[in-house]
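Heads up, the thing below is written out as structure tokens.
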Amino acid sequence: MRLSRYYLPVLKETPSDAQIASHRLMLRAGMIRQQGAGIYAWLPLGFRVLKKIEQIVREEQDRAGAVEMLMPTIQSADLWRESGRYDAYGKEMLRITDRADREMLFGPTNEEMITEIFRAGVRSYKDLPKMLYHIQWKFRDEIRPRFGVMRGREFLMKDAYSFDIDEDAARKSYYKMFVAYLRTFARMGLKSIPMRADTGPIGGDLSHEFIVLAETGESAVFCDRGLIDMAVPAKDTDFDSDLKPVIDQFTSLYAATEEKHDETEFTAKVAVSDRISARGIEVGHIFFFGEKYSKPMRAVVAGPDGAEIPVQMGSYGVGVSRLVGAIIEACHDKAGCKWPMAIAPFHVGLINLRAGDEACDAACEKIYAALEAAGVDVLYDETAARPGEKFARMDLVGAPYQITIGPRGLESGEAEVKRREDGEKSSVAFAEVAAMIADRVKAALEYA
RNA sequence: CGGGGCGUAGCGCAGCCUGGUAGCGCAUCUGGUUUGGGACCAGAGGGCCGCAAGUUCGAAUCUUGCCGCCCCGACCA
């Protein structure tokens with residue numbers, strides 16, 4: 001992408017209402033623009049990141065055996081009356097009436113709708129198990145939206161739903177999602193820690209929040225240091241195999257959010273040097289809720305003996321738009337974003353220090369074309385801006401690699417390569433730089 | 001929803017107390033000098049001062065109402 005054609009409205013000064021790093025940087029880097037309290041437009045740069053995150057989530061859901069679909073944002077109130085949640089949900093639900101005065105709502109979640117869809121097409125236990133998911137915008141009229149996209153009112157969420165014949169089978173579905181989540185967040189360069197969460201009226205051990213540690217996290221969390229270095233299940237994990245050992249391993253060490261924290265247990269089970277008490281961002285939540293919706297909404301199947309039984313359900317959410325903020329919280333410095341390769345809006349920033357100079361232009365065009373041909377996402381700054389401004393802007397955008405071409409380096413036949421992560425700079429022979437960077441990008445995009 | 005605060009040019013702000021139709025920095029545009037980490041000189045454009053009513057000869061400024069946004073708290077992917 002040529003910068004001159006792109007829409008990248010960067011800000012030199014920090015907008016006054018941005019309190020935390022991710023919000024500040026997203027505004028400054030021209031990723032989002034606020035349209036109302038907790039409502040944001042995604043500008044081209046932010047949209048690229050959002051799409052890359054969404055794609056990773058999708059790939060890992062598919063790998064775990066979930067099937068993608070798409071449900072509408074607008075739902076009918078009648079559906080929610082069936083489960084009894086229409087009145088229970090309260091003011092967080094945005095209620096709408098259409099021209100015929102029918103009561104509608106902008107979906108805050110989709111349990112009712114998926115249950116309706118499922119019951120319409122499944123009759124027998126032989127059709128189970130099933131796992132369905134979609135990635136869709138939701139709206140929750142939060143009392144107090146804040147922190148930019150981390151707690152917006154409108155947000156993009158992946159939600160999956162599992163349907164099983166009994167609790168034992170449901171447990172297997174739950175495990176699949178557990179593993180899928182570990183992999184999903186790891187691929188984005190995040191350390192996520194599954195923490196036990198409130199299971200509500202059902203009880204049991206089947207509810208976990210996936211937390212990313214960050215100073216600006218909204219909840220206080222407590223865990224064993226051992227969880228941080230625990231190896232994430234590999235790409236070739238067979239999701240139909242017994243996943244219990246993996247779950248056992250990840251749940252063997254203490255990890256709880258504030259609400260579930262038990263200080264006595266914490267001090268008893270975790271050595272002082274291994275105790276982490278920090279703040280975290282919830283990026284995913286998996287939950288088994290049994291017959292909560294299937295029973296009142298009559299999502300039943302015939303069992304082997306012919307008797308109708310309500311299906312056992314679970315739901316599994318990932319805050320896709322929130323992840324953009326969460327990743328920035330985890331990966332940034334004073335100058336800007338430091339994107340992990342997998343979700344970087346651009347892999348490489350190419351800086352032409354002397355646009356208009358024949359030699360510089362020719363050299364840059366050549367590298368630009370070579371990188372693009374190799375499938376690398378390049379942001380090519382061919383504007384007439386001054387060097388300092390170009391460097392600062394590229395640091396703000398945060399591509400993992402920057403290639404700088406200027407008259408000085410060109411004389412010696414070299415390009416300067418800077419790694420955004422640690423600022424390390426090196427000179428690379430002009431003839432080799434494109435191939436070298438393309439290789440590095442490809443290597444970084446390989447995932448476990 | 002309770003408590004606090006803010007709304008003046010694209011962004012950051014001053015002016016308001018003590019009424020006289022608006023200013024600063026950055027950004028933008030033009031010309032010139034510059035050019036390896038956010039340049040310099042000269043000039044220019046850009047504002048129903050959130051909206052509405054009221055007081056007044058006169059309102060960004062005072063009064064009332066409304067709207068919007070932010071922060072703290074209880075609640076949440």
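Lettering follows sequence order; numbering is per chain, from 1. This one's a predicted model, so the numbers in the text were calculated from it and none came from an experiment.
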Under 3.5 Å donor-acceptor pair, A/R151 side-chain atoms to B/C76 base atoms: yes
What distance, rounded to whole Å, do you find between the two [atom1] atoms, one in [N] and one in [M]?
N     : M     : atom1 : result
B/A22 : B/U61 : C1'   : 11 Å
B/C62 : B/U18 : C1'   : 11 Å
B/G50 : B/A9  : P     : 8 Å
B/A53 : B/C48 : C1'   : 16 Å

According to a strict under-4.0 Å criterion, is [X] in side-chain N/O contact with OP1 or OP2 of [N]?
X      : N     : result
A/Q34  : B/G68 : no
A/R146 : B/G73 : yes
A/K390 : B/G37 : no
A/R386 : B/A39 : yes

So does A/Y133 get a backbone contact from the side chain of A/Y316, meaning a donor-acceptor N/O pair under 3.5 Å? no
Please confirm whether the backbone N or O of A/E421 pairs with a side-chain atom of A/K338, one donor and one acceptor, at under 3.5 Å? yes
Give the nucleotide from the list [options] with an atom nearest to the side chain of [X].
X      : options             : value
A/E142 : B/C76, B/G38, B/C69 : B/C76
A/F155 : B/G36, B/C1, B/A77  : B/A77
A/P387 : B/G37, B/A77, B/C69 : B/G37
A/K91  : B/G36, B/A77, B/C1  : B/C1
A/H285 : B/U35, B/A77, B/G38 : B/A77

Let me have a per-nucleotide readout for nucleotides 23-28 of chain B, 5' to 3', with B, S or -, counting only protein heavy atoms under 4.0 Å. --BSS-
Side chains of A/R85 and A/Y293: closer than 4.5 Å at any heavy-atom pair? yes
Within this structure, what is the CG-to-P distance between A/D17 and B/G12, rounded to whole angstrom? 7 Å
Worked check of salt bridge (charged side-chain N to carboxylate O under 4.0 Å, His left out) between A/R2 and A/E365: CA-CA 10 Å; A/R2 287 168 200 275; A/E365 289 295 339; 2.8 Å; yes
Identify, residue by residue, the members of residues 419-437 of chain A with a heavy atom below 4.0 Å from RNA chain B, and return them in order of residue number, or none. A/K425
Result for 5'-nearest mapping on RNA chain B, choosing between A/L396 and A/L11, is A/L11
Step by step, would you call A/R196 with A/D262 a salt bridge (charged side-chain N to carboxylate O under 4.0 Å, His left out)? CA-CA 11 Å; A/R196 63 185 181 211; A/D262 181 337; 5.7 Å; no
